[in-house]
Amino acid sequence: MALLPILCYPDPRLHKVAKPVTVFDERLQQRVADMFETMYDAKGIGLAATQVDFHERLIVIDVSEDRDQPLVLINPEITWASEEHHVGDEGCLSVPGIYDGVERSAAVRVKAQDAQGQSREISAEGLLAVCIQHEMDHLLGKVFVEYLSPLKRNRIKTKMLKLQREAR
Ligand code: ZN
């Protein structure tokens with residue numbers, strides 16, 4: 001197991017589009033284990049492969065209070081999304097310290113494979129639905145701040161660059 005470095009916005013690698021996972025081997029199982037370790041260590045509820053500079057369609061999620069309900073979604077596809085939308089505050093491990101409202105479908109159904117390549121469909125609402133949509137955006141190279149106004153986004157970009165300079 002290993003902690004993976006998380007890319008920070010506005011790193012251009014966060015805008016790469018992930019390719020489908022085609023090989024379900026030991027390397028992939030290791031990647032999944034490392035992503036869970038990294039996500040739990042950072043106290044996040046979801047992590048997309050894109051955020052750890054691995055550009056395949058893989059996300060790990062755990063929205064449970066006790067951090068004991070790991071969910072792996074490989075090659076996820078939304079098969080249904082509710083017409084009802086909600087606006088909720090979101091944060092992101094790649095944009096530390098920033099939280100802002102994003103409008104998302106209140107419920108979704110998603111078809112995905114697990115780490116062994118088994119396909120299944122799950123229904124999600126509430127926080128899990130939000131998290132799935134947020135992480136799936138990462139696989140398309142989209143960070144949640146792109147839903148915000150250009151003014152807010154620029155302010156966040158400046159703040160992040162300043163933090164990164166100070167951390168060096
Ligand atoms: Zn994120």
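Numbering of residues begins at 1 and proceeds along the displayed sequence.
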S.K.: How close do A115 and V32 get, counting heavy atoms only, and between which atoms?
M.R.: CB-CG2, 4.3 Å
S.K.: Scan the side chains in residues 158-168 for donor-acceptor partners under 3.5 Å anywhere in the protein, sequence neighbours excluded, and list what turns up.
M.R.:
unit_1, atom_1, unit_2, atom_2, d
T158, OG1, N154, O, 2.8
K162, NZ, E166, OE2, 3.3
Q164, NE2, Y9, O, 2.9

S.K.: Would you check if E90 and Y147 make a side-chain contact, meaning some heavy-atom pair closer than 4.5 Å?
M.R.: no
S.K.: Over all heavy atoms of both residues, which pair between S105 and S82 is shortest? Give the atoms and the distance, please.
M.R.: OG-O, 3.5 Å
S.K.: In chain order, what residues pass the side-chain hydrogen bond (donor to acceptor under 3.5 Å, both in side chains) check against T50, with sequence neighbours excluded?
M.R.: none
S.K.: By the salt bridge (Lys or Arg N to Asp or Glu O under 4.0 Å) test, which pairs, at least two apart or in different chains, include something from residues 32-52?
M.R.: none
S.K.: If Ile, Leu, Val, Met, Phe, Trp and Tyr residues are connected whenever their side-chain heavy atoms lie under 4.5 Å apart, and connections chain through other members, are M136 and I74 in the same group?
M.R.: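 Unlinked, M136 and I74 end up in two clusters.
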S.K.: Which residue pairs pass the ring-ring contact (aromatic ring centres under 6.0 Å, His included) test with at least one member in residues 60-93, sequence neighbours excluded?
M.R.: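 Listed by first then second residue: nothing to list.
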S.K.: Give me the one residue out of L71, V60, I61 that meets side-chain contact (heavy atoms from CB on, under 4.5 Å) with F36.
M.R.: V60
S.K.: side-chain contact (heavy atoms from CB on, under 4.5 Å) with T22: which residues, sequence neighbours excluded?
M.R.: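 Listed in chain order: nothing, the list is empty.
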S.K.: Can you tell me which residue pairs pass the salt bridge (Lys or Arg N to Asp or Glu O under 4.0 Å) test with a partner in residues 52-78, sequence neighbours excluded?
M.R.: R13-D53
S.K.: Hey, is the main chain of A112 close enough, under 3.5 Å, to the side chain of N75 for a donor-acceptor pair?
M.R.: no
S.K.: Using residues 117-124 as the side-chain source, report each donor-acceptor pair under 3.5 Å to any protein atom, sequence neighbours left out, with the distance given to one decimal.
M.R.:
unit_1, atom_1, unit_2, atom_2, d
R120, NH2, V72, O, 3.3
E121, OE2, T79, OG1, 2.5

S.K.: For a 4.5 angstrom cut-off between non-hydrogen side-chain atoms, does E135 reach L73?
M.R.: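 No; the side chains remain at least 4.5 Å from each other.
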S.K.: Is there a side-chain contact between M35 and M39, using heavy atoms and a 4.5 Å cut-off?
M.R.: no
S.K.: Starting from I78, can I reach V102 by hopping between I/L/V/M/F/W/Y residues whose side chains sit under 4.5 Å apart?
M.R.: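 Per the 4.5 Å side-chain linkage, V102 and I78 are not co-clustered.
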S.K.: Under 4.5 Å between any side-chain heavy atoms of F54 and L4, yes or no?
M.R.: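 Result no, sub-4.5 Å side-chain heavy-atom pair not found.
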S.K.: Can you find a pair of side-chain heavy atoms, one from Q69 and one from V63, that are under 4.5 Å apart?
M.R.: no
S.K.: Could you tell me which non-hydrogen atom of P96 sits nearest to which non-hydrogen atom of C8, and how far apart they are?
M.R.: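 Scanning both residues completely, I find the closest heavy atoms to be CD-SG, 4.0 Å.
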S.K.: For Q116, check side-chain hydrogen bond (donor to acceptor under 3.5 Å, both in side chains) against everything at least two apart and list the hits.
M.R.: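 Residues passing side-chain hydrogen bond (donor to acceptor under 3.5 Å, both in side chains) with Q116: Q29.
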S.K.: Of all residues at least two apart in sequence or in a different chain, which pass the ring-ring contact (aromatic ring centres under 6.0 Å, His included) check with H134?
M.R.: H138, F144
S.K.: Could you grab the distance from atom CG of L148 to atom CD1 of I156, nearest 0.5 Å is fine?
M.R.: 5.0 Å
S.K.: Could you tell me which residues satisfy side-chain contact (heavy atoms from CB on, under 4.5 Å) with E146, sequence neighbours excluded, listed by chain and number?
M.R.: H15, K142, V143, R153
S.K.: Apply side-chain contact (heavy atoms from CB on, under 4.5 Å) to Y99 and list each qualifying residue two or more places apart in sequence or on a separate chain.
M.R.: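 Not a single residue meets the side-chain contact (heavy atoms from CB on, under 4.5 Å) criterion with Y99.
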S.K.: Within this structure, what is the CD1-CG distance for the pair I59 and D137, rounded to the nearest 0.5 Å?
M.R.: 10.0 Å
S.K.: Can you tell if the side chain of I132 reaches within under 4.5 Å of the side chain of P76, non-hydrogen atoms only?
M.R.: no
S.K.: Can you list everything that forms a side-chain hydrogen bond (donor to acceptor under 3.5 Å, both in side chains) with K111? Sequence neighbours excluded, please.
M.R.: none
S.K.: How many angstroms lie between atom CG of L47 and atom OG of S94, to the nearest 0.5 angstrom?
M.R.: 7.5 Å
S.K.: Against Q51, only a single residue in L7, L139, L93 fulfils side-chain contact (heavy atoms from CB on, under 4.5 Å); can you say which?
M.R.: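 Of L7, L139, L93, side-chain contact (heavy atoms from CB on, under 4.5 Å) with Q51 is met by L93 alone.
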S.K.: Flag yes if V52 and V21 sit in one hydrophobic cluster, no otherwise; membership is Ile, Leu, Val, Met, Phe, Trp, Tyr, and two members link when side-chain heavy atoms are under 4.5 Å apart.
M.R.: yes
